[in-house]
Amino acid sequence: MDQTESSSTIPMVDLSNLNKEQVASAVVKASQEWGVFQVVNHEIPKELILSLKKVGTHFFELSSEAEKEAVATPLNSKDIQGYVTTSQKHVEDNVDRVDHLYHNLSPPSWIDYRYWPNNPPEYRQVNEEYARYVKKLAEKILGWLSEGLGLEREALLNKGFGGGDKAVYTMKINYYPPCRPQANLVIGMQPHTDIHGLTILVPNEIPGLQVFKDDHWFDVQYNPSVILILIGDPILV
């Protein structure tokens with residue numbers, strides 16, 4: 001049987017450490033040993049993160065299903081952007097029970113505002129501001145990983161992801177509505193790895209997030225000051 005342990009053992013990296021060699025070493029070590037780590041003092045303003053959560057929750061809790069369907073992924077479309085709901089599927093269907101909104105954040109040539117909600121009105125402003133901060137954080141993480149692999153600092157960003165102006169950043173907001181009467185049988189998302197190179201995850205106070213290592217599941221305890229960094233398949237491979 002898999003054992004579950006606390007997140008206290010999941011690596012924590014303080015990005016405010018003035019010794020950047022120590023920061024780089026900690027990032028590389030955590031990535032190699034865990035493939036995931038927590039960061040504090042990441043320079044993304046607390047107020048911005050709260051706004052990001054607020055506009056996302058507002059969208060999913062709209063009483064009008066038509067407003068959500070307005071930004072839905074078209075049927076039979078090859079595009080993966082848009083609003084999708086699978087939360088009403090039966091438990092027996094063995095699918096992820098989650099609603100999500102997915103769209104590109106950057107570069108501008110990849111953005112399709114048809115998939116950005118108009119309600120709440122501040123959704124676009126908040127996401128565009130968040131994109132500016134998250135790009136800076138991603139570039140720092142990728143730089144440290146590059147150096148840890150013995151490469152030039154810009155190697156992963158430029159050669160692996162197309163460069164600063166061409167690297168594609170996406171936003172995915174997951175929403176897990178209450179499930180009754182079989183809530184005890186529901187797994188929001190099946191165990192998985194991430195297909196993106198780097199995932200910057202903003203958690204919330206709802207429990208359930210776990211990471212898997214050495215045949216153990218580790219609970220990720222919520223900390224409003226923490227952002228989770230997950231190393232995706234393209235880098236791990």
Side-chain angles (χ1 to χ4, degrees), residues 7-8 10-20 22-28 30-31 34-60 100-108 110-111 116-117 120-148 153-154 156-157 160-161 163-175 194 196-209 211 220-232 235:
S7 68
S8 60
I10 297 175
M12 179 80 73
V13 181
D14 185 351
L15 301 187
S16 68
N17 186 342
L18 297 179
N19 188 329
K20 295 309 176 185
Q22 288 183 359
V23 174
S25 177
V27 165
V28 171
S31 300
W34 282 79
V36 57
F37 55 95
Q38 305 171 95
V39 296
V40 292
N41 296 313
H42 41 69
E43 298 185 348
I44 302 178
K46 179 180 179 181
E47 296 76 13
L48 178 56
I49 291 177
L50 291 175
S51 295
L52 187 71
K53 293 179 180 180
K54 182 179 178 180
V55 296
T57 301
H58 183 116
F59 169 76
F60 284 106
H100 76 249
L101 177 64
Y102 182 90
H103 58 73
N104 294 329
L105 280 177
S106 182
W110 281 66
I111 295 176
W116 292 48
E122 63 272 22
Y123 182 90
R124 177 171 171 175
Q125 177 185 347
V126 170
N127 273 263
E128 289 179 338
E129 184 178 0
Y130 177 73
R132 289 192 288 271
Y133 281 95
V134 85
K135 287 172 65 177
K136 292 179 182 178
L137 177 58
E139 288 174 4
K140 290 179 181 178
I141 299 294
L142 290 172
W144 290 321
L145 289 174
S146 293
E147 291 175 344
R153 183 171 178 81
E154 305 297 327
L156 279 177
L157 179 64
F161 298 95
D165 295 330
K166 296 181 180 179
V168 177
Y169 294 81
T170 63
M171 167 64 72
K172 185 177 183 181
I173 307 175
N174 291 328
Y175 180 75
D194 283 3
H196 298 90
L198 197 69
T199 297
I200 298 177
L201 192 154
V202 177
N204 62 21
E205 64 276 10
I206 305 301
L209 180 62
V211 298
V220 179
Q221 303 296 333
Y222 174 62
N223 180 335
S225 300
V226 163
I227 282 181
L228 214 63
I229 307 295
L230 296 91
I231 310 301
I235 295 179

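Computed from a predicted model, the values in this text were never measured in an experiment. One is the number of the first residue; the rest follow in order along the sequence.
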| query | By salt bridge (Lys or Arg N to Asp or Glu O under 4.0 Å), which residues pair with Glu122, not counting sequence neighbours? | reply | none

| message | Taking the side chain as everything from C-beta on, heavy atoms only, tell me whether Leu137 gets closer than 4.5 Å to Leu15. | response | yes

| message | Just to verify, what does Arg132 make a salt bridge (Lys or Arg N to Asp or Glu O under 4.0 Å) with, not counting sequence neighbours? | response | none

| said: Could you work out, with side-chain contact (heavy atoms from CB on, under 4.5 Å) as the rule, every residue matching Thr170, not counting sequence neighbours? | reply: Tyr102, Asn104, Val168, His196

| said: Taking side chain to side chain donor-acceptor pair (under 3.5 Å) as the definition, give me every residue that meets it alongside Lys136, ordered by chain and number, with sequence neighbours left out. | reply: none

| request: For residues Leu209 and Tyr222, determine if any side-chain heavy atom of one lies less than 4.5 Å from a side-chain heavy atom of the other. | output: no

| task | Report the residue from Val202, Asn223, Leu201 that forms a side chain to side chain contact (heavy atoms under 4.5 Å, CB included) with Leu228. | result | Leu201

| request: Could you list the residues that satisfy salt bridge (Lys or Arg N to Asp or Glu O under 4.0 Å) with Glu129, not counting sequence neighbours? | output: none

| task | Return the set of residues passing ring-ring contact (aromatic ring centres under 6.0 Å, His included) with Tyr130 (not counting sequence neighbours), or none when no residue passes. | result | none

| Taking only residues two or more places apart in sequence, or in another chain, which ones meet Ser146 in a side chain to side chain donor-acceptor pair (under 3.5 Å)? | none

| note | Sorted by chain and residue number, the ring-ring contact (aromatic ring centres under 6.0 Å, His included) partners of His42 (sequence neighbours excluded) come out as none

| field | For Asn204, all residues meeting side chain to side chain donor-acceptor pair (under 3.5 Å), sequence neighbours excluded | value | none

| said: Is any side-chain heavy atom of Leu145 closer than 4.5 Å to one of Ile231? | reply: yes

| request: Tell me, please, which residues at least two apart from Gln22 pass side chain to side chain donor-acceptor pair (under 3.5 Å). | output: Asn17

| field | side-chain contact (heavy atoms from CB on, under 4.5 Å) partners of Gln125, counting only residues at least two apart | value | none

| field | Test ring-ring contact (aromatic ring centres under 6.0 Å, His included) applied to Phe60 - qualifying residues, sequence neighbours left out | value | Tyr175

| request: With the side chain counted from C-beta on, respond yes when Trp144 and Val13 share a heavy-atom pair under 4.5 Å apart, and no when they do not. | output: no

